[in-house]
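Order of appearance sets the numbers: ligands from 1, and atoms from 1 within every ligand. Note that the structure is a prediction, hence the values are computed from the model and not measured.
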Amino acid sequence: MNYQWYPGHMTKAKRQMQEDIKIIDLIIEIVDARIPVASRNPDIDDLGRGKARMILLNKSDLSDPSANKAWKEYFESNGIICAEIDSKNKNGLKDMRGLIEKACIAKLERDKKRGIKNSIVRAMIVGIPNVGKSTFINAFVGKNMAKTGNKPGVTKGRQWIKVGKNIELLDTPGILWPKFDDNITGLKLASVGSINDEIIVAEELALDILGLSDAVNDRIRTYYGLKDKDGYEFLQSLAIKRGCVKKAGEPDTEKAAKLFIDDFRSGKLGRISLELPGDKIADQERYHD
Ligand SMILES: Nc1nc2c(ncn2[C@@H]2O[C@H](COP(=O)(O)OP(=O)(O)OP(=O)(O)O)[C@@H](O)[C@H]2O)c(=O)[nH]1
Ligand SMILES: [Mg+2]
């Protein structure tokens, strides 16, 4: 299946970001820890040139712990401040203030020299849809200030949120880019729920996820106890096993595909990382800072 999603509100959101970027001190980029390369929007690199940057590997509860560690080291070795966090369960956020101050040290020192006592750090929270930008803000602030939801495109407009006296966060709508370089990027984005499900054929996505790698394929078939089934036969057997049948008694493969996609996204199949530093990921070099 060809994955592509670039609705009009994203063009608008990108334009707004170009304006807002002028008044912010720091860009906090939230990525999905399961796909830290595919979930980085190359447009953000362009928009944020010259600004202090930080990358947060969110949903680290759903990705492989050793991969999280490897990615943190990877980004840090490229000079980017990085942390693994789980915004849903509020893990990894304790040092956030310190990290933000570290990322903005140049500005803070400049302000100090100028005699500014209460300098304020303005940070823009950016990322692709559904990576947990708004959930991160709520977890960091300790209050439900931003709307969140288990689908992409929940945040429609921007919103400033204060954290204590000296940090201001700007929640922004998730944005993708007009054309993915390769379909595997689109597939990874769809597999974690960053592409609108309404434009996706569930059965095709399920089969594409099965085809992601031998390790993923094996893990899925083992989890459902369908070790000897693959491809469409896997979906049919899963439908029968889970009682997804149509009126005529036929297996409802669409329902089975949706069930499997939900299990995959929510971590029921275990903690899976689809990318590792050093993998031959087509775009990796492009994102190298
Ligand atoms: N397991 C897990 N789920 C998370 C985490 N962070 C966010 N979520 C879930 O991911 C979904 C999306 O969260 P949002 O905060 O709405 O994502 P967003 O990036 O603001 O999305 P848009 O506004 O649509 O761009 C919600 O169902 C959250 O509960 C996390 O660290 N771990
Ligand atoms: Mg949001």
K.L.:
Please state whether G127 comes within less than 4.0 angstrom of ligand 1, counting heavy atoms only.
P.N.:
no

K.L.:
From atom 11 (C) of ligand 1, work out which of N130, D61, I30 has a heavy atom at the shortest distance.
P.N.:
N130

K.L.:
Where is the nearest protein heavy atom to atom 8 (N) of ligand 1: which residue, which atom, and how far?
P.N.:
K59 CE, 3.7 Å

K.L.:
Can you tell me if an N/O/S atom from T148 lies under 2.8 Å from the Mg ion (ligand 2)?
P.N.:
no

K.L.:
Heavy-atom distance to atom 13 (O) of ligand 1: which of N196, V126, N150, T135 wins?
P.N.:
T135

K.L.:
If the cut-off is 4.0 Å to any non-hydrogen atom of K133, which atoms of ligand 1 fall inside it?
P.N.:
15 (O), 17 (O), 18 (P), 19 (O), 20 (O), 21 (O), 22 (P), 25 (O)

K.L.:
Tell me whether the Mg ion (ligand 2) has T172 as a neighbour, meaning an N, O or S atom of it below 2.8 Å.
P.N.:
no

K.L.:
Any idea which protein heavy atom is nearest atom 17 (O) of ligand 1, and the distance to it?
P.N.:
G132 N, 3.1 Å

K.L.:
For S134 and ligand 1, does the shortest N/O to N/O distance drop below 3.5 Å?
P.N.:
yes

K.L.:
Go through ligand 1 atom by atom and flag the ones less than 4.0 Å from a non-hydrogen atom of G149.
P.N.:
11 (C), 12 (C), 13 (O), 16 (O), 26 (C), 27 (O)

K.L.:
NZ of K246: more than 12 outside heavy atoms within 6.0 angstrom?
P.N.:
yes

K.L.:
Atoms of ligand 1 less than 4.0 Å from P152 heavy atoms?
P.N.:
24 (O)

K.L.:
Would you say T172 and ligand 1 have an N/O pair spaced under 3.5 Å apart?
P.N.:
no

K.L.:
Is there a nitrogen or oxygen of T148 sitting under 3.5 Å from a nitrogen or oxygen of ligand 1?
P.N.:
no

K.L.:
With side chain to side chain donor-acceptor pair (under 3.5 Å) as the test, pick out the partner of Y3 among N183, D208, T185.
P.N.:
D208

K.L.:
Who's the nearest protein heavy-atom neighbour of atom 6 (N) of ligand 1, and how far?
P.N.:
N58 ND2, 3.1 Å

K.L.:
Can you name the nearest heavy-atom pair linking K59 to G132, along with the distance?
P.N.:
CE-N, 4.5 Å

K.L.:
Using salt bridge (charged side-chain N to carboxylate O under 4.0 Å, His left out) as the criterion, point out the one residue from K133, K51, R53 that pairs with E29.
P.N.:
R53

K.L.:
Taking distance alone, with no angle check, do F136 and ligand 1 share an N/O pair under 3.5 Å?
P.N.:
no

K.L.:
As a check for students: among A139, P129, G174, S87, identify the option with a heavy atom nearest to atom 31 (O) of ligand 1.
P.N.:
S87

K.L.:
Quick one: nearest non-hydrogen protein atom to atom 3 (N) of ligand 1, plus distance?
P.N.:
K88 CD, 3.4 Å

K.L.:
With respect to S134, which candidate in D171, N144, T148 satisfies the side chain to side chain donor-acceptor pair (under 3.5 Å) definition?
P.N.:
D171

K.L.:
Using a 4.0 Å cut-off to any heavy atom of L62, which atoms of ligand 1 qualify?
P.N.:
1 (N)

K.L.:
Do the ring planes of W5 and H9 sit parallel (below 30°), tilted (30 to 60°) or perpendicular (above 60°)?
P.N.:
perpendicular

K.L.:
Donor-acceptor pair, N68 side chain versus S60 backbone, under 3.5 Å?
P.N.:
yes

K.L.:
Could you tell me which non-hydrogen atom of I128 sits nearest to which non-hydrogen atom of S194, and how far apart they are?
P.N.:
CD1-OG, 3.5 Å

K.L.:
With nothing but distance in play, are any N or O atoms of G153 less than 3.5 Å from an N or O of ligand 1?
P.N.:
yes

K.L.:
Look at atom NZ of K227 and say whether more than 12 heavy atoms of other residues, nucleotides or ligands are closer to it than 6.0 Å.
P.N.:
yes

K.L.:
With heavy atoms of V154 as the reference, note each atom of ligand 1 found under 4.0 Å away.
P.N.:
22 (P), 23 (O), 24 (O)

K.L.:
Please give me the minimum heavy-atom distance between V131 and I30, naming the atom from each residue.
P.N.:
CG2-O, 3.6 Å

K.L.:
Determine whether more than 12 heavy atoms belonging to other residues, nucleotides or ligands lie under 6.0 Å from atom CG of D46.
P.N.:
yes

K.L.:
If you count heavy atoms of other groups shown closer than 6.0 angstrom to CG of N89, is the number above 12?
P.N.:
yes

